[in-house]
Q: 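One structure coming up, written as structure tokens, with questions to follow.
Values in this document were obtained by computation on a predicted structure and should not be read as measured data. Atoms considered below: every heavy atom in the structure, side chains included; atoms not considered: hydrogens, waters and symmetry mates. The residues of the chain are indexed from 1 along the displayed sequence.
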Amino acid sequence: MRVWWVLFVCSLAGGWAADSQHARVMSINLANKRDAHKIADEIRSRAGGVPDILLLQEVARERGADKSVAEQVGALLGLQAAFEAPKPGPTTVGVAVLSRWPMSDKTVRVVPRFYRIIKVRPRLALGVTAHAPGGPIRVWTTHLDMRINVQERLRQLRPILADVDAFPGPTIVGGDLNTLRMGWLLHIFPYPTGNAHAHAVTELMRKHGFETPFTERRATFDLFGQQLDWVYLRGLRAVKNGIQPVAFSDHHAVWADFVVPASPGS
């Protein structure tokens, strides 16, 4: 009897695994690279395959070009793309969300600025609603400043969190959050802070209902072993995650597989 009971339980577990549907979200800083074919090929081969949602930072669009690199990569991977950049210039650099599912409700928020010397770059947060089979998922990507201190980094996340609090459904927030292991005197001179930035950001996200599968410190940027890139989930359960180096960027790709909400009536 005990053997039959074990087999029965295992058969149920197998049925649950077969019925569940997983999707992948991935975040990559493209480091202003412009070879869309190389980027797409590496995502397919080295970064674990084409994700369902792809968050991109440091996305280039040449002046006069019809499409950004993100939109070119999306076309090659069969993903829809939403791109936004702060302002025009010789080379426009922004952020993007790519999705296997239709997107709507594109929202752009300006990230607060705290310094205007050394690598001054306006920052944006880009949000979209991805219409997954089981219902909408709100998705945000951003690229935060480097030479700021902990409380300033938290303030840069506020434009996203204001939108997050107004959306009741599953939500993904990710990108290059630049959670360096250092603070900055006058936004110029670095000093060590340990893991203060990453800890503070994760605690803030938890207060808004988010969890991250990247709970163990692992480098996403090899210089000094910095963990700069993140994916946070709310209302979605992560089942697997990884960090994968890619040749076209000085950042690694970070990805998480999550359970897709069941479709209505399933």
Side-chain angles (χ1 to χ4, degrees), residues 25-33 39 42-43 46-48 51 54-60 93-96 111-115 117-126 140-158 160-161 172-206 210-233 238 240-256:
V25 55
M26 181 183 294
S27 180
I28 311 176
N29 182 317
L30 296 187
N32 205 14
K33 296 300 188 297
I39 294 169
E42 282 221 43
I43 290 173
R46 292 191 55 180
L54 180 57
L55 315 178
L56 299 177
Q57 307 86 45
E58 287 198 36
V59 179
V93 179
V95 293
V111 171
R113 297 173 66 182
F114 296 101
Y115 63 92
I117 54 174
I118 305 180
K119 285 194 174 182
V120 177
R121 181 188 301 168
R123 308 282 184 170
L124 293 179
L126 172 63
W140 280 92
T141 187
T142 191
H143 185 186
L144 302 185
D145 275 316
M146 181 178 71
R147 296 173 179 268
I148 57 177
N149 295 312
V150 171
Q151 291 304 314
E152 295 167 332
R153 192 167 308 285
L154 300 185
R155 287 173 62 186
Q156 287 200 323
L157 286 168
R158 285 180 181 173
I160 296 175
L161 296 176
I172 297 171
V173 175
D176 180 359
L177 305 188
N178 262 323
T179 46
L180 296 161
R181 297 172 61 84
M182 60 186 69
W184 299 88
L185 178 63
L186 302 176
H187 302 291
I188 301 175
F189 306 104
Y191 59 88
T193 62
N195 210 31
H197 285 259
H199 177 75
V201 167
T202 296
E203 285 302 306
L204 176 65
M205 298 303 290
R206 282 176 177 160
F210 287 86
E211 294 292 340
T212 180
F214 299 96
T215 53
E216 297 181 3
R217 192 174 76 83
R218 296 174 59 190
T220 68
F221 185 81
D222 286 334
L223 184 63
F224 304 125
Q226 302 283 349
Q227 187 174 17
L228 309 182
D229 306 86
W230 296 85
V231 169
Y232 290 90
L233 307 173
K240 190 177 180 182
N241 68 90
I243 298 173
Q244 178 65 47
V246 288
F248 60 79
S249 178
D250 51 357
H251 289 249
H252 303 332
V254 298
W255 57 266

Q: Inspect the contact between R113 and D145 and indicate whether a charged nitrogen and a carboxylate oxygen are less than 4.0 angstrom apart.
A: no
Q: Just to verify, what does N149 make a side chain to side chain contact (heavy atoms under 4.5 Å, CB included) with, not counting sequence neighbours?
A: E152, W184, Y191
Q: Please tell me whether H252 and D222 have a donor and an acceptor in their side chains that are separated by less than 3.5 angstrom.
A: yes
Q: Do Q57 and D176 have a side chain donor and acceptor closer than 3.5 Å?
A: no
Q: Quick one, V254 and M26 - any side-chain contact, counting heavy atoms below 4.5 Å?
A: no
Q: Donor-acceptor check, side chain of T141 to backbone of G175, threshold 3.5 angstrom: yes or no?
A: no
Q: Kindly indicate whether the side chain of I160, heavy atoms from C-beta on, has any atom under 4.5 Å from the side chain of V173.
A: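 Yes, side chains in contact.
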Q: Would you check if V201 and L157 make a side-chain contact, meaning some heavy-atom pair closer than 4.5 Å?
A: yes
Q: Please report the interatomic distance CZ(F114) to CZ(R123), rounded to the nearest 0.5 Å.
A: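 These two atoms lie 12.5 Å from each other.
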Q: Step by step, work out the side chain to side chain contact (heavy atoms under 4.5 Å, CB included) result for N195 and R217.
A: CA-CA 9 Å; N195 210 31; R217 192 174 76 83; 3.9 Å; yes
Q: Show your reasoning for whether side chain to side chain contact (heavy atoms under 4.5 Å, CB included) applies to T215 and T202.
A: CA-CA 9 Å; T215 53; T202 296; over 6 Å; no
Q: Could you verify whether a donor N or O on one side chain and an acceptor N or O on the other, from W230 and T179, lie under 3.5 Å apart?
A: yes
Q: Can you name the nearest heavy-atom pair linking E42 to A247, along with the distance?
A: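 For E42 versus A247, the nearest heavy atoms are OE2-CB, 2.8 Å.
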Q: Locate the shortest heavy-atom distance separating G183 from T193; write the atom from each residue and the value.
A: N-CG2, 3.1 Å
Q: Under 3.5 Å, side chain of S249 to main-chain N/O of L30, donor-acceptor pair present?
A: no
Q: Main chain of R147, side chain of H187: is a donor-acceptor contact present, judged purely on distance under 3.5 Å?
A: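 Side chain of H187 to backbone of R147: a pair is present.
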Q: Checking side chain to side chain contact (heavy atoms under 4.5 Å, CB included) against L228, which of H251, M146, H143 comes through?
A: H251
Q: If every non-hydrogen atom of G174 is compared with every non-hydrogen atom of L55, which pair is closest and at what distance?
A: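 Here G174 and L55 meet closest at CA-CD1, 3.7 Å.
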Q: Report yes if the side chains of W255 and V25 come closer than 4.5 Å at any heavy-atom pair, otherwise no.
A: no
Q: Under a plain distance cut-off of 3.5 Å, with no hydrogens placed, do H197 and R153 share a side-chain donor-acceptor pair?
A: yes
Q: Under a 3.5 Å distance rule, please check whether T142 uses its side chain to pair with a backbone N or O of L124 as donor and acceptor.
A: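 Yes, the answer is positive, given that a donor and an acceptor are paired below the 3.5 Å cut-off.
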Q: Within this structure, what is the CD-CD1 distance for the pair Q227 and I243, rounded to the nearest 0.5 Å?
A: 6.0 Å
Q: Is the ring pair F210/Y232 parallel, tilted or perpendicular, if the boundaries are 30 and 60 degrees?
A: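 If you compare the ring of F210 with that of Y232, the planes turn out perpendicular.
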Q: How would you list all residue pairs meeting salt bridge (Lys or Arg N to Asp or Glu O under 4.0 Å) that involve residues 178-206, not counting sequence neighbours?
A: E203-R206, R206-E211
Q: Tell me, please, which residues at least two apart from L185 pass side chain to side chain contact (heavy atoms under 4.5 Å, CB included).
A: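 Partners of L185 under the side chain to side chain contact (heavy atoms under 4.5 Å, CB included) test: F189.
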Q: Would you say Q156's side chain and L144's backbone share a donor-acceptor pair under 3.5 angstrom?
A: no
Q: Return the CG to CZ distance between N241 and R218, rounded to the nearest 0.5 Å.
A: 6.5 Å
Q: Roughly how far, to the nearest 0.5 Å, is the CD1 atom of I28 from the CD atom of Q244?
A: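 CD1 of I28 is found 10.0 Å from CD of Q244.
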Q: Nearest heavy-atom pair of A96 and L126: which atoms, and what distance?
A: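 Smallest heavy-atom distance, with atoms named: CA-CD2, 3.8 Å.
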Q: Please report the closest heavy-atom contact between S27 and V231, naming both atoms and the distance.
A: CB-CG2, 4.3 Å
